[in-house]
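Structure first, commentary second.
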Amino acid sequence: MKHHVGPGLAILALAAALSACGTSTGTTPAGTSAAPGAASTASGSASGAASSASTASAPASSTQPGAAVDVKTASSSAGNIVVDAKGMSLYFFTKDTKDSGTSACTGSCLVQWPPLTTTSGSPAADGVTGKLGTINTPDGKKQVTLNGMPLYYYVKDTKPGDVLGQGVGGVWYLSDPSGAMIKPAGQGY
């Protein structure tokens, strides 16, 4: 006898993720593939789950020839934004606390908003003038930060240039190259 639990688990994970991080109206789900580096946990908090040591580096507006770049800038419908090395948009979560050394996006939130991670203690940038650093994730990886705020992907952004996560739930926003949150006119931090 064959049991098919995959589709049921995928639906359950999607429902949990959407309830944890808010939803966006007017967008269509891009697919059902798992997010890069995403892991779902039963815990809603990562307090004490991992060291929250934070490292920082000086502003990095250019890199050494041949050096790998973690973040760079790109032009988008929202203006000049921070993207990863492949051109995928990166977001801030307003529930994160600047320079806290931890991420407020935990558990099922990470399914929809996986962190930008690096293997470097000093992330490299091209065109980004804000201060880059890292924090430790609960699973021991290094999440890239910009001006003390963790950076995330949005799983519905499937190709470079997508900015479908902008404004989701009123808590997810793109970053400009200086590390400022890009919000609609009339909205402050």
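Positions are given from 1 along the sequence. Just so it is clear, the structure is predicted and the values come from calculations on it, not from any experiment. The figures here come from the full heavy-atom set of this structure, side chains too, leaving out hydrogens, waters and symmetry mates.
Proximity of Val71 to Leu132: side-chain heavy atoms (C-beta onward) are separated by under 4.5 Å at one or more points. A heavy-atom distance below 4.5 Å is found between the side chains of Tyr91 and Asp157.
For Tyr152, the side chain to side chain donor-acceptor pair (under 3.5 Å) partners two or more places apart in sequence, or in a different chain, are Asp96, Ser103. Partners of Ser178 under the side chain to side chain donor-acceptor pair (under 3.5 Å) rule, at least two apart in sequence or in another chain, are Asp176. Not counting sequence neighbours, the partners of Thr117 by the side chain to side chain contact (heavy atoms under 4.5 Å, CB included) test are Pro115, Lys141. The salt bridge (Lys or Arg N to Asp or Glu O under 4.0 Å) test applied to Lys159 returns Asp162, not counting sequence neighbours.
In this model, a donor atom of one side chain and an acceptor atom of the other lie less than 3.5 Å apart for Thr102 and Ser100.
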Distance-only criterion, 3.5 Å: show the donor-acceptor pairs between side-chain atoms of residues 73-81 and protein atoms not counting sequence neighbours.
unit_1: Ser76; atom_1: OG; unit_2: Ala78; atom_2: N; d: 3.0
unit_1: Ser76; atom_1: OG; unit_2: Gly79; atom_2: N; d: 3.4
unit_1: Ser76; atom_1: OG; unit_2: Gly79; atom_2: O; d: 2.9

For this session: Mind running side-chain contact (heavy atoms from CB on, under 4.5 Å) on Lys72 and Val83 for me, showing each step along the way?
Result: CA-CA 5 Å; Lys72 61 183 183 178; Val83 298; 3.6 Å; yes

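Here the options are Thr118, Leu116, Asp70, the test is side-chain contact (heavy atoms from CB on, under 4.5 Å), and the partner is Thr134; only Thr118 passes. With Tyr173 as reference, Thr94 is the one residue of Ile182, Val168, Thr94 to meet the side-chain contact (heavy atoms from CB on, under 4.5 Å) rule.
A side-chain donor-acceptor contact under 3.5 Å links Thr145 to the backbone of Gly133. Side chain of Asn136 to backbone of Lys142: no donor-acceptor contact under 3.5 angstrom is found.
Residue pairs meeting the salt bridge (Lys or Arg N to Asp or Glu O under 4.0 Å) criterion with at least one partner in residues 103-114, sequence neighbours excluded, are absent.
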